[in-house]
Amino acid sequence: MIRIENVSKSFTLHNQGGAVIPVMEGASFTVAPGECVALTGDSGAGKSTLMRMIHGNYLAASGRIIVGDTDVARAEPREILTLRRDTLGYVSQFLRVVPRVPTRDVVAEPLLAVGTDRATAHARAEELLTRLNIPQTLWSLSPTTFSGGEQQRVNIARGFAHDFPAMLLDEPTASLDATNRETVLRLIEEAKARGTAIIGIFHDADARARVADREIDVSAFTPARAA
Amino acid sequence: MTPLLSVRDLSKTYGGRIGCADVSFDLYPGEVLGIVGESGSGKSTLLNCLAGHLAPDTGEILFDTRTDGPRDTRKMSEPERRMLSRTDWAFVHQNPRDGLRMGVSAGGNVGERLMAVGARHYGQIRAQATDWLGRVEITEDRLDDRPSAFSGGMQQRLQIARNLVTGPRLVFMDEPTGGLDVSVQARLLDLLRGLVREMGLSAIIVTHDLAVVRLLAHRLMVMKSGHVVEQGLTDQVLDDPQHAYTQLLVSSILQV
């Protein structure tokens with residue numbers, strides 16, 4: 001479902017003396033449908049960079065990133081937008097929303113985007129919000145004023161609203177209490193059972209051991225530092 | 001899929017000074033394109049050339065018309081172009097006073113555009129005007145008030161209703177949220193996003209507010225001194241800018 005071939009990446013900082021920082025070289029691996037792969041490595045090894053490249057958020061300098069039948073490294077912006085709408089879900093660490101939009105609508109949005117009717121989308125949103133213990137009194141309020149943990153759960157609910165064939169999860173269980181952590185792990189297991197290919201970053205070792213089928217150490221793709 | 005608007009090598013100079021130079025892009029149905037850059041970078045010149053308010057010096061602007069397929073708007077006759085700007089196009093000005101008729105009631109402002117495309121039944125025009133004012137959250141009891149009695153945010157929403165009532169396929173917006181307080185700005189953003197999704201319209205938005213384009217635009221074009229220095233997916237351009245100027249622009253945002 002996801003195939004990464006020989007991907008490299010460097011950042012050029014034009015306003016800081018044109019410094020070029022190579023961050024990744026020769027990254028290659030695949031993820032099959034129904035499989036969950038955990039990216040590991042120390043902080044700064046390039047886990048998030050790799051994930052952002054798969055999402056099309058960072059430009060890959062070379063290589064191929066095949067998701068479904070789109071090569072993200074070469075696709076036109078509108079092809080990436082279609083991919084993100086239909087095929088590739090992403091749960092980031094932070095919630096980014098239009099202020100003043102009610103939580104229920106925030107969660108239902110990915111479903112409305114793929115053409116689900118409003119009633120079905122709202123019902124699915126409410127089911128997820130209930131499972132993630134967001135009290136019903138908050139559903140009609142904007143999540144911008146919620147606590148950090150609540151925002152993260154809203155973010156997860158939105159990420160799982162549409163059944164994507166491929167998903168990227170950036171620290172989905174960080175800063176959650178035991179009950180909600182369990183719910184999120186269940187959601188991941190259910191997605192795997194549906195055949196979703198998942199790439200995740202989990203600092204929580206128990207969570208990783210439970211849902212991940214394989215681990216990939218990203219530091220193997222870190223370029224050797226020039227002395 | 002045929003692009004709704006296809007622009008090739010568009011240039012406009014003011015005497016010896018460059019307005020915008022060699023701009024090329026395709027805009028597809030349902031897409032929102034953001035244009036950012038500092039003042040004087042040629043954003044508004046480009047928008048006005050596209051909308052037919054300024055005559056470009058060179059280049060092609062192909063618009064996919066409903067009846068005849070893609071046609072170069074520069075080669076159209078003036079009546080044809082005016083017909084387009086009354087029906088398939090809409091232009092939302094930065095200052096609502098430029099896009100509204102201040103001496104005519106709110107309902108009249110919306111109804112005027114309908115009458116321009118042939119609507120004559122007063123009851124239906126009024127009903128449609130009421131419906132559209134409702135969509136931009138202006139209550140029915142303000143229908144007969146003049147825009148001069150409205151707040152700035154209400155005027156801007158009225159201007160949007162006036163522009164969208166004829167079901168345009170392409171909307172040009174020049175700083176649509178500039179000068180509005182942040183709470184009204186947020187509501188307007190949500191409204192625009194909903195309209196883009198539900199009516200499938202395409203839009204070109206000129207702004208210098210990067211937070212606005214992040215939430216609203218699918219794609220982003222960065223302009224400097226009349227040239228497009230970088231373009232791509234909005235979040236990619238903002239999070240992984242490649243050009244020195246874009247990097248400077250993104251790193252200059254003040255954190256709230």
Side-chain angles (χ1 to χ4, degrees), chain A residues 9-21 23-24 48-49 51-61 72-85 90 92 94-102 105-106 108-118 121 142 144-145, chain B residues 1 3-4 25-34 137 177 181-194 196-198 200 202 211-221 229-252 256:
Chain A
K9 172 77 190 159
S10 61
F11 290 107
T12 309
L13 307 175
H14 292 287
N15 299 306
Q16 294 177 47
V20 178
I21 306 166
V23 290
M24 192 159 295
S48 293
T49 300
M51 198 173 258
R52 279 164 172 251
M53 280 196 283
I54 300 169
H55 192 235
N57 182 228
Y58 282 3
L59 282 179
V72 178
R74 268 171 204 78
E76 291 287 314
R78 62 192 189 92
E79 295 172 319
I80 296 184
L81 290 170
T82 311
L83 181 80
R84 288 182 185 178
R85 191 189 62 211
Y90 178 50
S92 65
F94 305 101
L95 184 68
R96 185 173 257 148
V97 292
V98 179
R100 303 183 54 170
V101 178
D105 292 345
V106 166
E109 203 192 341
L111 285 168
L112 296 176
V114 292
T116 311
D117 68 88
R118 195 164 282 273
S142 163
T144 41
T145 52
Chain B
M1 192 165 33
L4 185 65
F25 66 88
D26 290 326
L27 183 75
Y28 287 86
E31 235 177 13
V32 179
L33 172 71
E137 302 176 28
T177 59
D181 66 66
V182 285
S183 63
V184 178
Q185 188 174 318
R187 193 189 303 171
L188 207 57
L189 284 177
D190 183 39
L191 175 76
L192 287 173
R193 255 162 71 120
V196 167
R197 190 176 58 217
E198 281 150 29
S202 307
V212 167
V213 288
R214 190 189 275 278
L215 289 173
L216 210 53
H218 301 118
R219 277 192 313 146
L220 195 59
M221 234 158 65
V229 295
E230 183 166 355
Q231 57 177 321
L233 207 58
T234 302
D235 58 305
Q236 181 261 304
V237 172
L238 294 178
D239 292 340
D240 188 17
Q242 306 293 310
H243 189 273
Y245 175 67
T246 319
Q247 292 187 354
L248 182 68
L249 198 70
V250 171
S251 62
S252 307
V256 181

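Residue numbers start from 1 in every chain, and the chains themselves are labelled A, B, ... in the order their sequence lines are given, proteins ahead of strands.
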Electrostatic pair A:Arg96:B:Asp235 at N-O distance under 4.0 angstrom: no
Pairwise distance CG(A:Leu81) to OG1(B:Thr234) - rounded to 0.5 angstrom: 8.0 Å
Distance-minimising heavy-atom pair for A:Gly56 and B:Gln236: O-CB, 3.6 Å
Euclidean distance, B:Arg219 CZ relative to A:Glu76 CD, rounded to 0.5 Å: 8.0 Å
Among the listed options A:Asn57, A:Leu13, A:Val98, the residue most often paired with chain B at heavy-atom distances under 4.5 Å: A:Asn57
Which atom of B:Leu215 lies closest to which atom of A:Pro99, heavy atoms considered: CD1-CD, 4.4 Å
Check: B:Gln247 side chain, A:Thr12 main-chain N or O, donor-acceptor pair, under 3.5 Å: yes
Shortest non-hydrogen separation from B:Leu233 to A:Ile80 and the atoms involved: CD2-CG2, 3.5 Å
From CZ (B:Arg193) to CD (A:Glu109), nearest 0.5 Å: 4.0 Å
Which atoms of B:Gln242 approach chain A - backbone, side chain, both or neither, heavy atom under 4.5 Å: both
Test: B:Asp26 and A:Arg78 ion pair at under 4.0 Å: no
